[in-house]
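Lettering of chains follows the sequences in order, A, B, ..., and the numbering in each one begins at 1.
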Number of protein chains: 2
Amino acid sequence: MRARPYHHGDLRAALLSLAEQTLRERGPAELSLRELAREAGVSPAAPSRHFKTKQALLDALALEGFQRLTTALDASLERAGEAFGDRLSGLARTYLDFAITNTALLDLMYGRKHDPDATAELVAATHRLKNLATDLIESGQRGGQVRPGPVERQAVPLMVALQGLTALALTGGFTQEQLDQGVDETIAFILRGYAP
Amino acid sequence: MRARPYHHGDLRAALLSLAEQTLRERGPAELSLRELAREAGVSPAAPSRHFKTKQALLDALALEGFQRLTTALDASLERAGEAFGDRLSGLARTYLDFAITNTALLDLMYGRKHDPDATAELVAATHRLKNLATDLIESGQRGGQVRPGPVERQAVPLMVALQGLTALALTGGFTQEQLDQGVDETIAFILRGYAP
DNA sequence: CTACATTGTTATCACCGCTTACATTCGAGT
DNA sequence: ACTCGAATGTAAGCGGTGATAACAATGTAG
């Protein structure tokens with residue numbers, strides 16, 4: 001019977017996975033490198049080979065989150081038809097769904113984002129997200145469902161709505177039903193606001 | 001020359017004030033009870049007389065934040081005239097201003113809010129905030145500037161917009177000018193959406 | 001097969017939040 | 001004015017944390 005091998009195999013991935021689980025189940029405050037090491041069955045100093053600091057681990061986790069989110073949003077747009085309303089509604093619901101099922105991760109993502117010394121990769125990831133919104137608005141303008149005007153400005157209400165919906169969903173103390181209604185209401189509201 | 005007196009005088013207030021300063025300048029992660037005690041010129045265990053745990057300190061800070069915010073919002077409504085647009089615009093700008101000048105504090109406020117074991121006082125404070133929004137919408141309906149419908153639903157887009165605006169303002173990477181334009185745009189957008 | 005890079009371990013540091021037992025001061029009731 | 005309990009502060013110590021440095025085992029390229 002082989003004892004536990006000296007080398008873990010894929011400690012980096014294991015740490016990220018365990019970290020996300022802990023984040024999800026017990027919140028960011030409870031996340032300890034030493035505990036992750038224990039759970040992974042390695043010594044307390046081992047994680048430092050893969051993540052120089054705790055912050056580096058969190059950054060990697062946030063980056064992974066951004067990747068998963070943009071993937072989901074891309075897929076949603078892929079699924080949707082041509083109609084602007086459908087695309088917008090699908091985007092909003094996908095975003096909201098991600099927010100609800102990955103609350104702590106999303107918090108981490110946005111929390112890290114406005115830290116002055118965030119990774120360049122992280123900043124890039126957020127830009128990609130922003131582009132998704134402006135692209136949608138722009139195509140809506142081409143199709144005539146969105147009033148003309150500078151995209152940079154026109155896209156703001158959409159991003160506001162997305163951020164706001166998730167914020168409410170996460171902190172609001174709403175029932176699931178209220179929430180669904182609120183989403184419907186808000187999407188209708190947005191479309192009305194964008195109408196030419 | 002008297003040595004430092006055995007009793008601090010108002011340690012509780014001093015701790016809260018120092019804590020807010022630290023929160024503002026160095027973020028929530030850097031906040032340590034021991035350090036606060038050092039800065040207040042008191043032994044490491046002294047704070048525990050006023051705040052049993054670190055979380056209790058943070059809760060007190062968050063509560064203070066809610067009080068200051070609702071005060072500011074009340075004042076804004078007081079200042080504004082009767083016109084629905086003005087009231088809404090004033091409310092939004094006041095909220096946003098608070099968010100920008102008290103970023104970390106607001107984060108703390110909302111972060112604590114959806115924690116299962118939050119103080120009853122905290123929950124009450126957030127409800128007061130929610131009422132402010134529904135009241136505004138309701139009065140808008142009475143005045144005929146807001147389409148009729150259940151207030152509970154109609155108020156959602158407003159709260160969404162407030163939350164979303166602050167979220168964007170804090171994490172967005174916008175210039176001040178872009179932000180001002182975005183606020184204008186969003187407020188116009190909201191009014192259009194609420195129009196009967 | 002050897003030399004080097006990678007990955008893990010051990011040991012140690014300084015710091016943290018929290019608790020317990022003890023010291024000082026304040027203030028209310030006589 | 002005195003006393004005595006409540007409030008407030010101190011000292012010491014526990015277990016936990018993130019980080020680092022020195023050392024050991026393993027993988028791998030030449």
Side-chain angles (χ1 to χ4, degrees), chain A residues 1-23 25-62 104 108 111-112 115-119, chain B residues 1-23 25-62 104 108 111-112 115-119:
Chain A
M1 180 160 92
R2 300 254 312 112
R4 178 157 46 80
Y6 190 90
H7 285 286
H8 175 282
D10 197 353
L11 182 55
R12 187 191 148 94
L15 287 174
L16 279 176
S17 162
L18 286 170
E20 197 200 333
Q21 189 182 339
T22 305
L23 195 63
E25 293 171 1
R26 311 209 325 253
E30 304 287 333
L31 210 160
S32 134
L33 283 183
R34 289 179 108 100
E35 185 173 345
L36 290 180
R38 275 193 300 271
E39 287 172 4
V42 295
S43 81
S48 75
R49 294 291 171 196
H50 303 274
F51 305 101
K52 199 146 197 220
T53 74
K54 186 180 185 177
Q55 198 55 249
L57 205 199
L58 294 179
D59 283 356
L61 216 48
L108 179 66
R112 269 317 274 165
D115 189 304
D117 41 56
T119 312
Chain B
M1 183 160 91
R2 299 256 308 114
R4 177 158 48 80
Y6 190 91
H7 285 285
H8 175 283
D10 197 353
L11 182 55
R12 187 191 150 94
L15 287 174
L16 279 176
S17 162
L18 286 170
E20 196 199 334
Q21 188 181 338
T22 304
L23 195 63
E25 292 171 1
R26 311 207 328 252
E30 304 286 335
L31 209 161
S32 132
L33 283 182
R34 288 178 111 100
E35 185 174 346
L36 289 180
R38 275 193 299 270
E39 288 171 4
V42 104
S43 83
S48 75
R49 294 289 171 198
H50 303 274
F51 305 101
K52 199 149 194 221
T53 74
K54 186 180 185 178
Q55 198 55 250
L57 205 195
L58 294 179
D59 283 355
L61 215 48
L108 179 66
R112 270 315 275 163
D115 189 304
D117 42 57
T119 311

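- In this structure, B/Asp10 atom CG and D/dA7 atom P are separated by 16 Å, rounded to whole Å.
- Rounded to the nearest 0.5 Å, atoms NE2 (B/His50) and CG (B/Leu11) are 4.0 Å apart.
- Residues B/Glu35 and B/Thr22 are not in side-chain contact: their nearest non-hydrogen atoms beyond the backbone lie 4.5 Å or more apart.
- Counting to the nearest Å, the P atom of C/dG17 and the CG atom of B/Leu57 are 10 Å from each other.
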Requested in this report: Report, as a single string ordered 5' to 3', how protein heavy atoms within less than 4.0 Å touch nucleotides 11-18 of chain D: B base, S sugar-phosphate only, - not at all.
Outcome: B-B---BB
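- Note that CG of A/Leu31 and CG of A/Leu61 are 8.0 Å apart. Values are rounded to the nearest 0.5 Å.
- Expressed to the nearest 0.5 Å, how far OG1 of A/Thr53 lies from CG of A/Leu58 amounts to 8.0 Å.
- Counting to the nearest Å, the C1' atom of D/dT10 and the CG atom of B/Leu11 are 13 Å from each other.
- A straight line from CZ of A/Phe51 to P of C/dT6 spans 16 Å, rounded to a whole angstrom.
- Residue A/Ala60 comes nearest to A/Leu16 through the heavy atom pair CB-CD2, 4.0 Å, listed as atom of the first residue, atom of the second, then distance.
- Counting to the nearest Å, the P atom of C/dA5 and the NE2 atom of A/His50 are 18 Å from each other.
- Both A/Gln55 and B/Ala46 sit near DNA chain D, but only B/Ala46 has its closest nucleotide nearer the 5' end.
- Atom CZ of residue A/Arg34 and atom CD of residue A/Glu39 lie 14.5 Å apart, to the nearest 0.5 angstrom.
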